[in-house]
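For reference, the structure is listed below as structure tokens.
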Amino acid sequence: MSGMNEHLLNFKGLMIDEVQRVIIRENQEIELTYTEFEILKLFAKHPGIVFSKE
């Protein structure tokens, strides 16, 4: 990623905008709580890693 898209995480049919805190799936915005957004962002940035509840 480079330039102005550094804050965007893109996956098949899913876009996470870290700055605007928006999730877009198939051109529809998905509303998440603050905690849900943070968990999804964590998983998206670290695929394949197992996390504990802590």
Side-chain angles (χ1 to χ4, degrees):
M1 291 185 272
S2 65
M4 60 191 259
N5 292 331
E6 289 181 359
H7 64 278
L8 298 176
L9 300 170
N10 286 295
F11 301 92
K12 254 187 177 176
L14 183 75
M15 182 189 72
I16 302 170
D17 186 328
E18 295 181 83
V19 172
Q20 295 184 15
R21 301 188 62 79
V22 173
I23 308 292
I24 305 288
R25 181 176 171 251
E26 297 175 359
N27 297 318
Q28 292 192 357
E29 186 174 334
I30 298 172
E31 293 186 31
L32 298 177
T33 66
Y34 177 86
T35 302
E36 290 168 338
F37 183 89
E38 289 299 312
I39 290 169
L40 181 60
K41 183 175 76 169
L42 177 70
F43 289 155
K45 285 186 158 190
H46 304 284
I49 298 198
V50 178
F51 294 93
S52 68
K53 288 190 334 184
E54 292 79 40

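Worth knowing before you read on, the calculation uses all heavy atoms, side chains too, and leaves out hydrogens, waters and symmetry mates. Computed from a prediction, not measured in an experiment: that's the story for all the values here.
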With a 3.5 Å cut-off and sequence neighbours excluded, list the donor-acceptor pairs that the side chains of residues 25-37 form with protein atoms.
| from | atom 1 | to | atom 2 | distance (Å) |
| --- | --- | --- | --- | --- |
| Thr33 | OG1 | Glu36 | N | 3.1 |
| Thr33 | OG1 | Glu36 | OE1 | 3.3 |
| Glu36 | OE1 | Thr33 | N | 2.8 |

Only distances under 3.5 Å count here; give the side-chain donor-acceptor pairs of residues 11-21 to other protein atoms, sequence neighbours excluded, each with its distance to 0.1 Å.
| from | atom 1 | to | atom 2 | distance (Å) |
| --- | --- | --- | --- | --- |
| Asp17 | OD1 | Val19 | N | 3.0 |
| Asp17 | OD1 | Gln20 | N | 3.0 |
| Glu18 | OE1 | Lys45 | NZ | 2.9 |
| Arg21 | NH1 | Glu38 | OE2 | 2.8 |
| Arg21 | NH2 | Glu38 | OE2 | 3.0 |

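Other cluster members for Phe51: Ile39, Leu42, Phe43, Ile49, joined by side-chain heavy-atom distances under 4.5 Å among Ile, Leu, Val, Met, Phe, Trp and Tyr.
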